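Below is one structure; the comments refer to it alone.
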Amino acid sequence: MNKIKRIAVICSGGDSQGMNTCIKTIVNVCTVHNIEVYAFNRGYQGLIENDIIKLNNEMVENIGHLGGCFIKVARSKEFLEQEGKQKAFNNIYKNEIDGVILIGGNGSFHGALEFVKVGIPIIGIPGTIDNDLYYTDRTLGFDTAVNNAVKAIDNIKQTMLANSRGIVIRVMGRDCGAIALNVAVACNAHALSVKEVPKTIDQIIDDLKVCMNNGVESPLVILNDYIEYSVEDVQKAMEKHLRIETRGSTLGYIQRGGSPSVEDRLLATQFGLTAVELLINGKTDLAVGVRNRNIISLSLIHIWRCRRTLGCR
Ligand code: F6P
């Protein structure tokens with residue numbers, strides 16, 4: 001078994017809560033094993049530009065409870081080009097990195113396959129609020145994003161109820177309805193429209209009519225990112241057809257910011273520990289995940305293609 005001396009961490013795509021907890025775990029575990037930890041700032045783009053920093057326990061001591069990403073994230077168009085990839089790999093060789101831990105979502109995992117092709121040891125950790133990777137029940141950030149959205153909607157509901165108004169809320173999640181579905185259930189929404197099960201505005205109005213006939217005063221509608229009509233479109237339709245004053249909000253980045261939930265912190269710690277152990281044990285080309293509360297690892301080559309589009313697990 002090759003002795004791993006240097007690991008590099010890369011966070012790619014959108015940031016998600018739990019990334020910092022995971023970075024802290026990786027650094028702490030590596031220190032115990034006398035492994036040096038480096039980070040390339042700004043994902044694959046920072047790797048291309050050799051934007052590298054050495055991490056130590058002191059630097060990461062107080063980041064575990066913070067949202068955002070200490071080593072920055074980015075999406076890189078240059079990494080899609082052969083020249084960009086070559087520059088990136090040259091920096092791995094130049095810095096004598098023995099293994100890479102990548103934290104990111106579906107697009108970033110696709111990029112990780114390029115490392116597999118050239119034989120650079122790599123382990124993926126799922127980090128995205130969207131929870132759109134089918135092989136894992138959870139991705140880092142999803143639980144916090146759902147909780148943030150629920151807290152925001154609870155607040156909105158209180159003031160809307162006081163005014164007997166209707167409510168329309170758009171949540172994040174790209175083309176995956178997982179955040180929207182979980183939020184809708186947790187907030188007792190009266191209508192939900194997601195890309196996987198889209199409803200027309202007329203269908204939403206029909207659903208709400210039934211609820212209002214049964215005594216609902218402030219009907220709540222949840223839409224996700226990729227629904228083609230706007231919050232305002234639904235708002236106007238509710239005012240016109242249901243004769244109820246209605247307000248709308250697009251929650252946006254409030255969902256992606258803020259301290260990671262306990263669930264995300266625990267998961268990030270387990271993911272970080274497992275990723276380091278896999279590299280130490282000579283394993284590569286794997287992505288870690290969680291199924292039925294057990295930590296698992298599966299081949300990166302097989303997983304990136306299949307995406308979860310909706311899930312309430
Ligand atoms: O994929 C993660 C995510 O946060 C999505 O939920 C959202 O649609 C997208 O990223 C936003 O990306 P950006 O930060 O580039 O605006």
Side-chain angles (χ1 to χ4, degrees), residues 10-22 41-46 66-80 102-112 124-153 169-184 186 192-198 222-231 248-261 263-264 267-268 271 287 289 303-312:
I10 298 171
C11 290
S12 167
D15 58 292
S16 67
Q17 304 94 333
M19 279 183 170
N20 282 330
T21 320
C22 199
N41 291 311
R42 297 179 293 116
Y44 295 136
Q45 193 55 39
L66 300 176
C69 183
F70 169 68
I71 59 171
K72 312 281 186 200
V73 291
R75 297 188 168 95
S76 171
K77 288 207 173 99
E78 212 180 327
F79 190 72
L80 301 174
L102 168 88
I103 314 176
N106 186 60
S108 310
F109 276 18
H110 189 197
I125 292 180
T128 164
I129 62 167
D130 299 344
N131 209 37
D132 58 348
L133 292 163
Y134 93 98
Y135 78 95
T136 179
D137 292 346
R138 286 283 182 271
T139 56
L140 295 182
F142 173 70
D143 183 65
T144 312
V146 170
N147 276 295
N148 286 352
V150 168
K151 267 183 236 153
I153 294 169
I169 305 283
R170 187 188 287 276
V171 298
M172 281 170 108
R174 213 179 273 272
D175 57 347
C176 174
I179 293 179
L181 174 62
N182 282 260
V183 165
L192 166 70
S193 188
V194 292
K195 182 155 177 267
E196 299 90 329
V197 194
I222 305 289
L223 314 175
N224 95 315
D225 252 354
Y226 271 46
I227 289 297
E228 58 200 16
Y229 43 79
S230 68
V231 165
S249 289
T250 296
L251 293 187
Y253 296 97
I254 196 171
Q255 293 157 97
R256 211 168 67 186
S259 294
S261 65
E263 180 177 320
D264 277 328
L267 212 52
F271 284 172
I303 56 150
W304 81 269
R305 274 180 200 285
C306 307
R307 298 190 50 217
R308 178 199 300 286
T309 51
L310 197 64
C312 198

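Worth saying up front: this structure is predicted, and the values here are computed from it rather than measured. Counting convention: from 1, in listed order, for ligands and their atoms alike.
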**Request:** List the closest protein heavy-atom neighbour of atom 5 (C) of ligand 1: residue, atom name, distance to the nearest 0.1 Å.
**Result:** Asp130 OD1, 3.4 Å
**Item:** Ile222 vs Val183 side-chain heavy atoms within contact, under 4.5 Å
**Value:** yes
**Complete:** In this structure, atom 15 (O) of ligand 1 is nearest to the protein heavy atom Arg75 NH1, 2.6 Å
**Request:** Could you tell me whether Leu66 atom CG has more than 12 heavy atoms of other residues or ligands within 6.0 Å of it?
**Result:** yes
**Fill in**
Quick look: Ile129 vs ligand 1, heavy-atom contacts under 4.0 Å, and the answer is side chain
**Prompt:** Among Met172, Arg174, Arg256, which residue places a heavy atom closest to atom 14 (O) of ligand 1?
**Reply:** Arg256
**Request:** Using a strict cut-off of 4.0 Å, indicate which atoms of ligand 1 neighbour a heavy atom of Gly173.
**Result:** 6 (O)
**Request:** Mark yes or no for whether Asn106, through its side chain, and Leu133, through its backbone, hold a donor-acceptor pair below 3.5 Å.
**Result:** no
**Prompt:** Between atom CD1 of Ile169 and atom CG of Leu251, what is the distance when rounded to the nearest 0.5 Å?
**Reply:** 5.0 Å
**Request:** For the pair Asp15 and Arg256, find out whether any cationic side-chain nitrogen is under 4.0 Å from an anionic carboxylate oxygen.
**Result:** yes
**Message:** With heavy-atom distances below 4.0 Å as the criterion, list the atoms of ligand 1 near Tyr253.
**Reply:** 13 (P), 14 (O), 16 (O)
**Request:** Could you pull out the closest heavy-atom pair between Gln255 and Val171, with the gap in Å?
**Result:** OE1-CB, 3.3 Å
**Asked** Numbering the atoms of ligand 1 from 1, which are under 4.0 Å from a heavy atom of Asp225?
**Response** 7 (C), 8 (O)
